[in-house]
Amino acid sequence: MTSRFEQLAVDCLEPRRLAAFWCAVLDYTVHEDRDGDLVEIGPAALAPLDELRRTPVAPQIVFARGHTTKIRKNRLHLDVCPIDSDQAAEVKRVIALGARPIDIGTAKEASWTVLADPEGNEFCVLRSLAAGHFEE
């Protein structure tokens, strides 16, 4: 028996705002919005159930309204890889969308950049997967 990673749930103060940010970063679409208290986003075309049973697919993210602000470093975070630009251009793009650089003590020679989303949740921008930037 196995399970599939289908959703990531994120408690937050402003689900619509965070959903809009992550839709722009990941090119996701809002699939459900329950009065702004719970917003579910994912790839534009959801995988059919038989595909989900056969192979891992891109997970959805659910933003649920919580009533507390983030106070310490996340124990779990997202890593994203640009697919059509270099890492520096992607960092600049997501900062323009509302992310901000943060220092969590990462070594200066690290190959990733640590940012925070609009509610302060850490995430990393990794190497580029664009042609010419990452070879198999």
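Counting begins at 1 with the first residue of the sequence. The basis for the numbers below is simple: all heavy atoms, side chains too, and nothing from hydrogens, waters or symmetry mates.
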Hey, what do you get for CG (L38) to CG (D11), rounding to the nearest 0.5 Å? 10.0 Å

Carboxylate-amine/guanidinium contact K70 E122, below 4.0 Å: yes

Mark yes when over 12 heavy atoms from residues, nucleotides or ligands other than D27 sit less than 6.0 Å from its CG; otherwise mark no. no

Note: F123 and A116 closest approach over all heavy atoms is CE2-C, 3.7 Å

Are any non-hydrogen side-chain atoms of I41 and C23 less than 4.5 angstrom apart? yes

Starting from I104, can I reach V91 by hopping between I/L/V/M/F/W/Y residues whose side chains sit under 4.5 Å apart? no

Nearest atoms (heavy-atom pairs only) where S111 meets Q87: O-NE2, 3.0 Å

Roughly how far, to the nearest 0.5 Å, is CD of E6 from CG of L46? 9.0 Å

So does V25 get a backbone contact from the side chain of R93, meaning a donor-acceptor N/O pair under 3.5 Å? yes

Tell me, do P101 and I95 make a side-chain contact under 4.5 Å, heavy atoms counted? yes

Should we count CZ of R4 as having more than 12 external heavy atoms under 6.0 Å? yes

Would you say the side-chain atoms of E40 pair up with the backbone N or O of Q60, donor to acceptor, closer than 3.5 Å? no

Quick check: closest heavy atoms across V57 and E51, and the distance to 0.1 Å? CG1-OE2, 3.7 Å

Is the CD1 atom of I83 crowded by more than 12 outside heavy atoms at less than 6.0 Å? no

Supply the atom-to-atom distance R65 CZ to L18 CG, rounded to the nearest 0.5 angstrom. 11.5 Å

Are L76 and L8 packed together at the side-chain level, in the sense that at least one heavy-atom pair is separated by less than 4.5 angstrom? yes

Report yes if the side chains of R17 and P118 come closer than 4.5 Å at any heavy-atom pair, otherwise no. yes

Check G42 against Y28 and note the closest heavy-atom contact, atom names and distance. CA-CD2, 3.1 Å

The reported gap from CD1 in I102 to CG in L115 (rounded to nearest 0.5 angstrom) is 7.5 Å

Is L78 reachable from F21 through a run of hydrophobic residues whose side-chain heavy atoms are each under 4.5 Å from the next? yes

Contact check, side chains of S128 and E90, non-hydrogen atoms, under 4.5 Å: no

What distance do N121 atom CG and W22 atom CH2 have between them, rounded to the nearest 0.5 Å? 8.0 Å

Among the clusters formed by ILVMFWY side chains lying less than 4.5 Å apart, do V30 and I61 turn up in the same one? yes

Should V80 and V94 count as side-chain neighbours, where that means a heavy-atom distance under 4.5 Å? no

Heavy atoms only: give me the nearest P82-V125 pair and the separation to one decimal. CD-CG1, 4.1 Å

Would you compute the distance between atom CG of L129 and atom CG of D86 and round it to the nearest 0.5 angstrom? 12.5 Å

Which atom of P59 lies closest to which atom of F5, heavy atoms considered: CG-CE2, 3.7 Å

